[in-house]
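Everything on this sheet refers to the single structure shown next.
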Amino acid sequence: MNRKEIAKVLDECGTLLELKGENPFRANAYHNASRAIQRLEGDLDDLLEQKKLGSVKGIGKTMVEKVEELVETGSLKFLEKLRGEVPSGLVEMLRINGFGPKRIHQAYKELGVDSVEKLKLAASDGRLAGMKGFGKKTAEKVLEGIAFLDESGRRVLYPVARELAERVMEALAGHPAIKRMTLCGSLRRGRATIKDIDLLVASDDSEPIMKQFVELPDVRQIVGHGSTKSSVVLDNGMACDLRVVADKHFPFAMHYFTGSKEHNVAMRARAQDYGLKLNEYELAGEKKNIACKEEEDIFAALDLDPIPPELREDTGEIAAAADKSLPKLLESGDLTGIFHCHTTASDGGATLEEMAAGAKAAGFGYLGLADHSQTAAYANGLSPERVREQQKKIDAFNAKSDGFRLFKGIESDILADGSLDYDEKTLESFDYVVASIHQPMNMSETEMTERICRAIRHPRCTMIGHLTGRLLLHRDGYPLDVETILREAAKHNTMIEINAHPWRLDLDWVNCKRAKALGVKVAINPDAHSVEGIDDTKYGVLTARRGWLEAGDVFNTLPVDEIAKRLRAGKDG
DNA sequence: GGCAACG
DNA sequence: CTGCCGTTGCC
């Protein structure tokens, strides 16, 4: 068992203890230990052998025993016991916003609520509101939370689906009967959340491929097993479809199953204008049949430039492809650096040096550090003194760095009245400021909009962080008039970030497109809290591509010297 | 459950 | 007086 798996087990123990209503500090100890294991440097086995694991902060005698058991047997009796004691419905309820372990436990103990379904009932008929510490309002919030869950269905975040899809494809890849294979559907188009995985294979001999597919270790249940299409449910509950077609049909099937549906409708209409019909098998007229070897041949046959999958939403891409005005979409390699990353100074898991090394290894020429500001006490926000301390460190780092550069930033809370979280003098000491809303979040649309607009007008506010505050599959953003905000941002030369964390992707692609139209520059930031988090930047690039952005629309494609110059000049420069 | 302080 | 260890209270 590796580090990551062990950390996951300990974390689950902590969560189950919480749901059991155990001593919260005991539960927390498991979460702590999990984090400590994840962050461990050096080899776990070595540490274990040398009996040094116990001296790691957050890991005591008991945790060492648990880890030893996991390394030796691959399982943990304690976890099995907990799993037996806590109904699985309770774990599911954790996904309901505003309904934590304590309340779940209470509802279970007092009302026997052990599933989301039963909770819905109890919230509707007033039983939930009748419990001590609960009221009408909490019951309403619970119902809202459940409705949100139902709506988002069994969708998962893009990276989760992507990783799974790649595993399935790898497991099939070696099959001799496969001529070509591709990912289709919303995953290929790069949507932020994904419901199912669509795979397409070209082959003349589908049976053995289908057999291998339905027998993959990741398959939990076989829904359909045919010669052209098979459907399974994977271990994480996701549906996965595999279609096998003849090689000559492959480009048409690939285009058709990539979608979107709306894009396909528009493409068929265009084919009709040419006296042709387009479907998943062919592009054909009364007498002729237009052969296409690749997907782009289909576009060419209809006098269209090839349309990248990310743009296929029928939002103008066909017209643009027709008059050769498709954007030259941003690529990961265009990015020169990133802003908005956290370190151990606030709530990050890696030090300034580690983050810098990580950014450098990722091919970036600079890194902007933006730890939390003083009001964010929950995230160990920086007091003005600690800001100065960090800035000294950055100066020292830059002084002996060869080329790679750190920028002094901050993620400043936007306070309720729209002001930033430091005095003017401290604000001026930063190279840049990312202004974000964390709390309070329950204001009206008008108030929220004005609050953000006021931050945008501040001369030291370089960019707004995670504008809408949405958390995918978890909660919607707070109410905002985004159009007004973008106009204000354009007017005051304030950028908006694309927060690339897979939970956020905020701005979303629709607002990206709008920002571009209004002339608002964006910056793509991973909001990384660890070295690995830096890699999330790629999801921001995907979002930017879906929003039609080109390198010129994105601030962090500029060379480091130009970045430094513009930050120094400020917003009026 | 970890940890520091205490006796 | 020091080092070891169980207890306690806080997180």
Side-chain angles (χ1 to χ4, degrees), chain A residues 1-88 90-95 98-109 132-133 342-351 354 371-383 385-386 389 413 438-439 529-530:
Chain A
M1 244 190 174
N2 65 31
R3 231 219 269 296
K4 209 170 154 189
E5 289 167 322
I6 290 171
K8 216 174 139 191
V9 168
L10 294 181
D11 206 55
E12 190 181 343
C13 288
T15 306
L16 291 173
L17 285 167
E18 284 177 289
L19 290 172
K20 252 189 85 182
E22 268 275 359
N23 176 350
F25 293 109
R26 187 177 172 212
N28 207 358
Y30 279 89
H31 289 131
N32 261 335
S34 168
R35 253 172 279 144
I37 297 268
Q38 272 183 66
R39 252 177 238 174
L40 224 49
E41 30 196 287
D43 191 60
L44 186 62
D45 292 334
D46 287 353
L47 243 57
L48 226 42
E49 259 172 57
Q50 296 165 28
K51 305 272 174 214
K52 282 190 177 155
L53 188 62
S55 52
V56 174
K57 202 169 153 62
I59 298 177
K61 199 167 151 250
T62 319
M63 291 302 173
V64 173
E65 281 170 19
K66 306 269 191 253
V67 173
E68 278 172 347
E69 185 182 341
L70 280 166
V71 168
E72 279 162 26
T73 70
S75 64
L76 188 65
K77 290 249 166 60
F78 181 59
L79 175 64
E80 305 305 327
K81 181 170 149 272
L82 283 172
R83 276 185 181 156
E85 289 168 353
V86 179
S88 63
L90 300 196
V91 182
E92 233 170 281
M93 282 185 231
L94 278 174
R95 294 180 53 203
F99 202 61
K102 251 179 131 172
R103 290 179 156 178
I104 292 174
H105 175 251
Q106 194 184 346
Y108 174 56
K109 212 173 136 199
K132 63 170 187 291
H342 296 263
T343 71
T344 45
S346 65
D347 62 346
T351 63
E354 289 164 347
D371 275 307
H372 286 282
S373 60
Q374 53 187 343
T375 295
Y378 58 90
N380 193 21
L382 272 54
S383 66
E385 286 85 331
R386 294 183 59 219
E389 231 172 84
D413 270 30
H438 293 109
Q439 268 173 348
H529 286 70
S530 64

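Values reported hereafter were calculated over all heavy atoms of this structure, with side chains retained and with hydrogens, waters and symmetry mates removed. Note on naming: letters A, B, ... go to the chains in the order of the sequence lines (proteins, then strands), and numbering restarts at 1 for each one.
The distance between atom OH of Tyr30(A) and atom C1' of dC11(C), rounded to the nearest whole Å, is 16 Å. Put simply, CZ on Phe25(A) is 18 Å from P on dT8(C), counting in whole angstrom units. If you measure from atom NE2 of His31(A) to atom P of dG1(B), you get 14 Å, rounded to the nearest angstrom. Following rounding to the nearest Å, Lys57(A) (NZ) and dG1(B) (C1') show an atom-to-atom distance of 14 Å. Look at CD on Glu22(A): it is 19 Å from P on dC11(C), rounded to the nearest Å. Between Asn32(A) atom CG and dC10(C) atom C1' there is a gap of 14 Å when expressed in whole angstrom units. Spacing between atom NZ of Lys20(A) and atom C1' of dG1(B) amounts to 14 Å, rounded to whole angstrom units. In this structure, Asn28(A) atom CG and dC3(B) atom C1' are separated by 14 Å, rounded to whole Å.
Counting non-hydrogen atoms under 4.0 angstrom, Asn23(A) reaches a base of the nucleic acid. Ile59(A) comes within 4.0 angstrom of sugar-phosphate atoms only, judged by non-hydrogen atoms across all strands, and of no base. At the heavy-atom level, Val64(A) lies nowhere under 4.0 Å from the strands shown.
A donor-acceptor contact closer than 3.5 angstrom links the side chains of Asp347(A) and His529(A).
Enclosure of atom CZ in Arg386(A) by more than 12 non-hydrogen atoms of other residues, nucleotides or ligands within 6.0 angstrom is indicated.
Taking a pair to require two hydrogen-bonding distances under 3.5 Å in either a Watson-Crick or a G-U wobble arrangement, dC6(B) pairs with dG6(C).
Between Ser346(A) and Leu382(A) there is a side-chain heavy-atom pair separated by less than 4.5 Å. Taking 4.5 Å as the limit, some side-chain heavy atom of Tyr378(A) sits within range of a side-chain heavy atom of His438(A).
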